[in-house]
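These numbers come from the heavy atoms of this one structure, side chains and all, not from hydrogens, waters or symmetry mates.
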Amino acid sequence: MPLHVLVLGGTTEARRIAESLSAADGTRVTSSLAGRVARPNLPPGEVRVGGFGGAEGMADWLRAHHVDAVIDATHPFAGTISFNAASATAAVHVPLLAVRRPGWVPVEGDRWHLTDSLAGAARLLPELGRRVFLTTGRMGLAAFAELDALWFLMRSVDAPEAPCPPRMEILLDRGPFSLEDERELIRRHRIDVLVTKDSGGDATAPKLTAAREAGIPVVVVRRPPVPAGVPVVATPEEALDLLRAVLGGS
C-alpha cells in the first residue's frame with residue numbers, strides 16, 4: 001500500500017508540497033481545501049473540498065483513508081483547522097507537522113499598529129484614518145460593519161457577504177501584486193490607512209512597502225499560534241525533509 005499523506009492546503013506552500021509528493025514513487029497525496037474560494041487553483045493528486053466535521057470527523061477520515069502523515073500547510077490565520085488537526089492526529093497516532101512562512105518584520109519608516117484580532121483593528125481605525133485599504137479577506141467583515149464614518153476599499157478573491165461596512169468599494173483580485181500596482185492603488189483611492197493580517201510571504205508584501213513610501217499607518221493583525229507540540233518548519237522543502245525523517249526515510 002502506498003504511503004498516504006494528507007496536505008491541509010490552500011496556500012502556495014501546500015501546492016508545492018503536493019507537487020513534490022505526487023512526483024514521488026509509492027506516495028499518494030490528498031490535498032484538502034476549505035472551499036472558501038469559488039474557483040481554486042487545484043493542486044496535483046487527489047483533492048477533497050470542505051470541512052471534516054471537527055476534530056472527530058477528521059480522525060474518522062484519517063482512519064478510513066489509511067493516512068500515514070498530515071502536513072498542515074494552511075493559511076497562518078486558518079486557526080480552527082490547525083487545532084482540529086492536532087486533536088485528530090493525536091487521537092489516531094498519525095504524525096503531524098506544520099508549515100508556516102515567516103511573518104513580516106517592520107523596518108525603518110514603517111508605522112505599524114499591532115493587534116490580536118479584527119475587532120482590535122476596527123477599534124484602532126477611527127484614530128488613524130478615514131479611507132481604509134482592507135486586505136484581510138472577505139471573512140470577518142462584520143468586525144468593521146459599524147464604522148459608518150470610514151470608507152473602505154476591500155480586496156479579496158471572491159465577493160463578500162453581509163454584514164459589511166456601509167461605505168465600501170470591492171476590488172476582486174488575486175495576488176501576487178506588484179509594488180507599482182500597490183502604489184497606484186493607494187494613490188488613486190487616496191488611502192490613508194492599511195489593514196492587513198500578518199500572513200507573511202512575498203505575494204502580498206508589496207502593499208507594506210507602498211504604505212511605507214506613502215507614509216500611511218498600517219494596522220497589522222498578529223497571527224494565531226500553532227498548536228502546542230506540533231513541529232513547525234518554514235518551507236515546503238523543510239517539510240518534506242522532516243516528513244521523511246518522521247517516517248523513517250520511507
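At a threshold of 4.5 Å between non-hydrogen side-chain atoms, the residues Ser87 and Asn84 do not count as touching. Residues Leu8 and Leu6 meet the side-chain proximity criterion, which asks for heavy atoms closer than 4.5 Å.
The two residues Ala211 and Ile186 have their closest heavy-atom pair at N-CD1, 3.9 Å. Looking at every heavy atom in both residues, Met58 comes nearest to Ala85 through SD-CA, 3.5 Å. Across every non-hydrogen atom of Pro43 and Leu33, the tightest pair is CD-CD1, 4.4 Å. The heavy-atom pair separating Pro160 from Leu141 by the smallest distance is CB-CD1, 3.4 Å. Shortest non-hydrogen contact noted between Ala73 and Ile17 is CB-CD1, 4.3 Å. Smallest separation of non-hydrogen atoms from Pro166 and Ala145: CD-O, 3.4 Å.
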Check: residues 120-128 side-chain donor-acceptor pairs under 3.5 Å, at least two apart:
none

Only pairs under 3.5 Å count here: list side-chain donor-acceptor contacts from residues 60-68, not counting sequence neighbours, and write none if there are none.
{"unit_1": "Asp60", "atom_1": "OD1", "unit_2": "Arg63", "atom_2": "NH1", "d": "3.0"}
{"unit_1": "His65", "atom_1": "ND1", "unit_2": "Trp61", "atom_2": "O", "d": "3.0"}
{"unit_1": "Asp68", "atom_1": "OD2", "unit_2": "His4", "atom_2": "N", "d": "2.8"}

Could you pull out every donor-acceptor pair under 3.5 Å between side chains of residues 212-226 and any protein atom, sequence neighbours left out?
{"unit_1": "Arg212", "atom_1": "NE", "unit_2": "Asp110", "atom_2": "OD1", "d": "2.8"}
{"unit_1": "Glu213", "atom_1": "OE1", "unit_2": "Arg183", "atom_2": "NE", "d": "2.7"}
{"unit_1": "Glu213", "atom_1": "OE1", "unit_2": "Arg183", "atom_2": "NH2", "d": "3.4"}
{"unit_1": "Glu213", "atom_1": "OE2", "unit_2": "Arg183", "atom_2": "NH2", "d": "2.9"}
{"unit_1": "Arg222", "atom_1": "NH1", "unit_2": "Asp116", "atom_2": "OD1", "d": "3.0"}
{"unit_1": "Arg223", "atom_1": "NE", "unit_2": "Asp198", "atom_2": "O", "d": "3.1"}
{"unit_1": "Arg223", "atom_1": "NH1", "unit_2": "Arg101", "atom_2": "O", "d": "2.8"}
{"unit_1": "Arg223", "atom_1": "NH2", "unit_2": "Arg101", "atom_2": "O", "d": "3.3"}
{"unit_1": "Arg223", "atom_1": "NH2", "unit_2": "Asp198", "atom_2": "O", "d": "3.0"}
{"unit_1": "Arg223", "atom_1": "NH2", "unit_2": "Ser199", "atom_2": "O", "d": "3.2"}

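To the nearest 0.5 Å, atom CG of residue Leu240 and atom CG of residue Leu21 are 5.5 Å apart. Atom-to-atom distance recorded for Leu97:CG and Glu238:CD is 11.0 Å, nearest 0.5 angstrom. To the nearest 0.5 angstrom, Leu185 atom CG is 6.0 Å from Leu171 atom CG. Remark: Leu153 CG to Arg188 CZ distance equals 8.5 Å, nearest 0.5 Å. The structure places CZ of Arg138 at 10.0 Å from CG of Leu172, a figure rounded to the nearest 0.5 Å. Atom OG in Ser32 sits 13.0 Å away from atom CD1 in Ile71 (nearest 0.5 Å).
Ile170 and Ile191 are members of different hydrophobic clusters when ILVMFWY side chains are connected at heavy-atom separations under 4.5 Å. Cluster membership for Leu147 and Met168, using ILVMFWY side-chain heavy atoms within less than 4.5 angstrom, is shared. Leu247 and Val29 end up in the same hydrophobic cluster when Ile, Leu, Val, Met, Phe, Trp and Tyr side chains are linked at under 4.5 Å. Hydrophobic clustering (side-chain heavy atoms under 4.5 Å, transitive across Ile, Leu, Val, Met, Phe, Trp, Tyr) keeps Val70 apart from Val47. Linking Ile, Leu, Val, Met, Phe, Trp and Tyr whenever their side-chain heavy atoms come within less than 4.5 Å leaves Val233 and Val94 in two separate clusters.
Under a 3.5 Å cut-off, the side chain of Arg131 and the backbone N or O of His189 do form a donor-acceptor pair. Although no hydrogens or angles enter the test, the distance criterion places a donor-acceptor pair under 3.5 Å between the side chain of Thr89 and the main chain of Ala86. Asp192 places a side-chain N or O within 3.5 Å of a backbone atom of Arg130 that can act as its donor or acceptor partner. In this structure a side-chain-to-backbone donor-acceptor pair under 3.5 Å is present from Ser20 to Arg16.
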Which is it for Val5 and Thr30 under the side chain to side chain contact (heavy atoms under 4.5 Å, CB included) test, yes or no, and what are the steps along the way?
CA-CA 6 Å; Val5 179; Thr30 300; over 6 Å; no
Run the numbers on Leu208 and Leu194 for side chain to side chain contact (heavy atoms under 4.5 Å, CB included), then give the verdict.
CA-CA 8 Å; Leu208 300 174; Leu194 167 68; 4.2 Å; yes
Audit row: Val132, Val195, side chain to side chain contact (heavy atoms under 4.5 Å, CB included) steps and yes/no:
CA-CA 7 Å; Val132 184; Val195 182; 3.7 Å; yes
Show your reasoning for whether side chain to side chain contact (heavy atoms under 4.5 Å, CB included) applies to Thr27 and Ser22.
CA-CA 7 Å; Thr27 303; Ser22 295; over 6 Å; no
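The side-chain hydrogen bond (donor to acceptor under 3.5 Å, both in side chains) check on Thr135 picks up Thr196, Lys207, with sequence neighbours excluded. When the ring-ring contact (aromatic ring centres under 6.0 Å, His included) test is applied to Phe144, the partners found at least two apart in sequence or on another chain are Phe152. Partners of Glu56 under the side-chain hydrogen bond (donor to acceptor under 3.5 Å, both in side chains) rule, at least two apart in sequence or in another chain, do not exist in this structure.
Each ring-ring contact (aromatic ring centres under 6.0 Å, His included) pair with one or both residues in residues 68-89, not counting sequence neighbours, appears once here: His75-Phe77. A ring-ring contact (aromatic ring centres under 6.0 Å, His included) check over residues 96-115, counting only residues at least two apart or in different chains, returns nothing. Evaluation of the salt bridge (charged side-chain N to carboxylate O under 4.0 Å, His left out) test over residues 70-95, restricted to residues two or more places apart or in two chains, returns Asp72-Arg100. Pairs of residues two or more places apart, or lying in two chains, that qualify as side chain to side chain donor-acceptor pair (under 3.5 Å) and include a residue from residues 141-156 are Arg155-Glu182.
With salt bridges taken as basic N to acidic carboxylate O contacts below 4.0 Å, one links Arg187 and Glu184.
Hydrophobic cluster of Val105: no remaining members, since no ILVMFWY side chain lies below 4.5 Å from it. Taking Ile, Leu, Val, Met, Phe, Trp and Tyr as hydrophobic and joining them when side-chain heavy atoms fall under 4.5 Å apart, one finds Phe177 isolated, its cluster having no other members.
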